Number of protein chains: 2
Amino acid sequence: MSLSAGFQPLYKQVYDLLTARLVDGYWKPSQLLPSEMLLAEELGVSQGTVRKALNQMVVEKMLQRQQGKGTFVAEYTQESDLFRFFRLREPLGEILIPETLVLSSTRRGASGDEIKKLNLDADTLVVELIRVRSIHNKPVIIEKVIQPLSVFPDIDKNTDLPNALYILYQEKYGITIMSVNDQLRAVEIPKTYAKHLDLPEGSPVLMIERNSVTIDGRVVELSTAYCSSENFVYSVTLT
Amino acid sequence: MSLSAGFQPLYKQVYDLLTARLVDGYWKPSQLLPSEMLLAEELGVSQGTVRKALNQMVVEKMLQRQQGKGTFVAEYTQESDLFRFFRLREPLGEILIPETLVLSSTRRGASGDEIKKLNLDADTLVVELIRVRSIHNKPVIIEKVIQPLSVFPDIDKNTDLPNALYILYQEKYGITIMSVNDQLRAVEIPKTYAKHLDLPEGSPVLMIERNSVTIDGRVVELSTAYCSSENFVYSVTLT
DNA sequence: GAGTGGTCTAGACCACTTC
DNA sequence: AAGTGGTCTAGACCACTCT
């Protein structure tokens with residue numbers, strides 16, 4: 001059997017092979033995969049083994065399955081999916097979808113910190129994007145996003161950036177963000193940002209530093225956000 | 001077969017039955033469960049069905065399994081486990097274990113908000129515990145913990161509270177905290193707390209409001225923490 | 001009705017732990 | 001060697017979707 005050369009369990013080898021097909025773009029978001037039986041036949045393993053690999057990929061949100069229909073590559077085009085990583089809520093818990101305004105977009109060389117965190121070559125250019133996000137017409141977040149041009153060629157040539165950048169990454173660059181690491185601090189709002197959020201200088205704001213990680217484990221985007229927490233909170237459940 | 005009267009899948013019925021045994025204390029933390037084969041025989045289902053239920057409980061961190069040894073009720077007595085929900089880190093990511101000093105412990109009637117969040121009767125008494133937590137001998141957190149006496153009888157009679165309260169809840173009251181909901185804000189530190197954290201008045205601090213939830217879904221503890229984020233960050237990964 | 005994923009079973013063999 | 005969980009297979013039947 002073609003997979004038997006490995007040291008890992010069969011279902012793990014199947015998992016790796018199927019995951020590679022997603023990373024390579026062999027299967028694209030929203031696409032229907034072959035049925036369990038067909039995959040089992042193609043790979044020379046039992047249907048139960050394919051099932052175990054597929055179910056693991058569902059747990060990790062790479063795939064979605066529907067009884068009677070089939071198995072699909074996960075897509076994040078629903079509002080609720082797009083804002084899967086957007087954690088600001090009203091204190092009572094309602095989900096809030098922000099509007100977004102781009103303030104600036106500039107190319108520059110990557111800083112040492114960025115080179116390290118994004119694992120870039122020394123001379124790589126990055127785009128620094130500054131946006132203000134508003135909820136109910138009130139500006140509540142100002143964020144700086146760092147995108148390496150080596151990962152997202154000419155991303156600053158796009159007109160009409162989508163509200164959720166991740167959909168652009170997925171549709172235009174075939175890059176799917178699977179997880180983010182957030183570090184939160186409380187700081188006084190930087191002087192230059194105070195006016196954009198309609199806050200007095202010295203106001204305490206949440207500072208959120210985020211690394212965005214792809215399906216294959218690469219950090220491809222950095223962001224730093226300053227969030228007014230007068231009316232909104234960062235809400236998260238730990239298990 | 002004794003379980004067949006339900007509408008749910010067999011493995012779900014097995015899951016519910018086994019979970020109930022944990023909630024009831026029929027099986028206690030660190031205890032060895034019967035083997036898959038014995039459970040299957042007792043419940044009149046196949047070994048594969050028991051396995052599916054057990055594995056789900058492992059995912060939810062109620063059980064731990066070890067090949068060759070058996071299946072155990074999860075216990076949280078390791079330092080890393082005790083601080084499973086402790087998210088403060090040095091910016092580079094090292095795990096920090098705080099020391100803890102109790103400032104006060106008082107009984108009082110529950111407030112309306114507490115009655116609602118903890119689902120209490122109107123006349124229930126609660127304990128309000130105020131603690132300072134230090135890292136490397138520097139105070140960084142001051143927290144107020146609300147414990148209903150209806151859930152934790154005479155909890156304020158304990159001398160020597162453990163560093164992690166959850167181990168007390170588990171060992172003395174048979175209550176296991178399975179998840180927490182955190183809401184984070186940035187605020188100016190309350191005047192009365194500034195001196196405890198060695199911070200100037202008006203300093204921005206992280207305010208973390210937490211609901212702690214048991215294995216059976218009840219909120220049994222509230223806490224509000226003010227954290228200096230000069231040298232530490234709240235770190236979390238979203239998937 | 002045909003095709004999909006979801007459940008359940010039974011049995012074989014492997015890997016690890018303990019005695 | 002005996003007992004545990006982990007993997008893999010094969011087959012039956014159920015529930016759902018689409019045509």
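Below, chains carry the letters A, B, ... as their sequence lines are ordered, and counting in each starts from 1. Here the structure is a predicted model, which means the values were calculated and not measured. Note that these values count all heavy atoms, side chains included, but never hydrogens, waters or copies made by symmetry.
- Of the N and O atoms on the side chains of B:Thr237 and A:Asn181, at least one donor lies less than 3.5 Å from an acceptor on the other residue.
- The base of D:dG6 sits with one of its N or O atoms less than 3.5 Å from a complementary donor or acceptor on the side chain of B:Arg51.
- The stretch residues 58-69 of chain B touches DNA chain C through B:Gln67, B:Gly68, B:Lys69, each having a heavy atom within less than 4.0 Å of the strand.
- Side chains of A:Thr214 and A:Tyr169: a donor-acceptor N/O pair is absent below 3.5 angstrom, by distance only.
- With no hydrogens or angles considered, no side-chain donor-acceptor pair links B:Gln13 and B:Gln8 at under 3.5 Å.
- When rounded to the nearest whole Å, the span between OH of B:Tyr15 and P of C:dT7 equals 14 Å.
- Among the nucleotides C:dC8, D:dA10, C:dT4, the one closest to the side chain of A:Ser46 is D:dA10.
- Judged by distance alone, the side chains of B:Ser223 and B:Glu143 never bring a donor and an acceptor atom under 3.5 Å apart.
- Of the N and O atoms on the side chains of A:Arg133 and A:Thr100, at least one donor lies less than 3.5 Å from an acceptor on the other residue.
- If you measure from atom CZ of B:Phe72 to atom C1' of C:dT18, you get 12 Å, rounded to the nearest angstrom.
- We find that CG of B:Leu33 is positioned 19 Å from P of D:dG3, with the value rounded to whole Å.
- Residues B:Ser35 and A:Gln47 each lie close to DNA chain D; by heavy-atom proximity, the contact nearer the 5' end of the strand is made by B:Ser35.
- Regarding A:Glu36, its CD atom lies at a distance of 18 Å from the P atom of D:dC13, rounded to whole Å.
- A side-chain N or O of A:Asp182 and one of A:Tyr234 form a donor-acceptor pair less than 3.5 Å apart.
- When the side-chain nitrogen and oxygen atoms of B:Thr71 are compared with OP1 and OP2 of D:dT4, none of them lie within a distance under 4.0 Å.
- For C:dC8, the OP1/OP2 oxygens have no side-chain nitrogen or oxygen of B:Lys52 closer than 4.0 Å.
- For B:Met37 and D:dG3, the CE to C1' distance is 12 Å, given to the nearest whole Å.
- Nearest nucleotide to the side chain of A:Pro9, out of D:dT9, D:dT7, D:dG6: D:dT7.
- One atom, CD of A:Glu41, and another, P of D:dA10, lie 12 Å apart when rounded to the nearest Å.
- Between the P atom of D:dT17 and the CG atom of A:Leu32 lies a distance of 15 Å, rounded to the nearest Å.
- The phosphate of D:dT9 (OP1 or OP2) has a side-chain N or O of A:Thr49 nearer than 4.0 angstrom.
- Atom OH in B:Tyr11 sits about 13 Å away from atom P in C:dT9, given to the nearest Å.
- Nearest approach of B:Pro91 to B:Val233, heavy atoms of both residues: CA-CG2, 4.3 Å.
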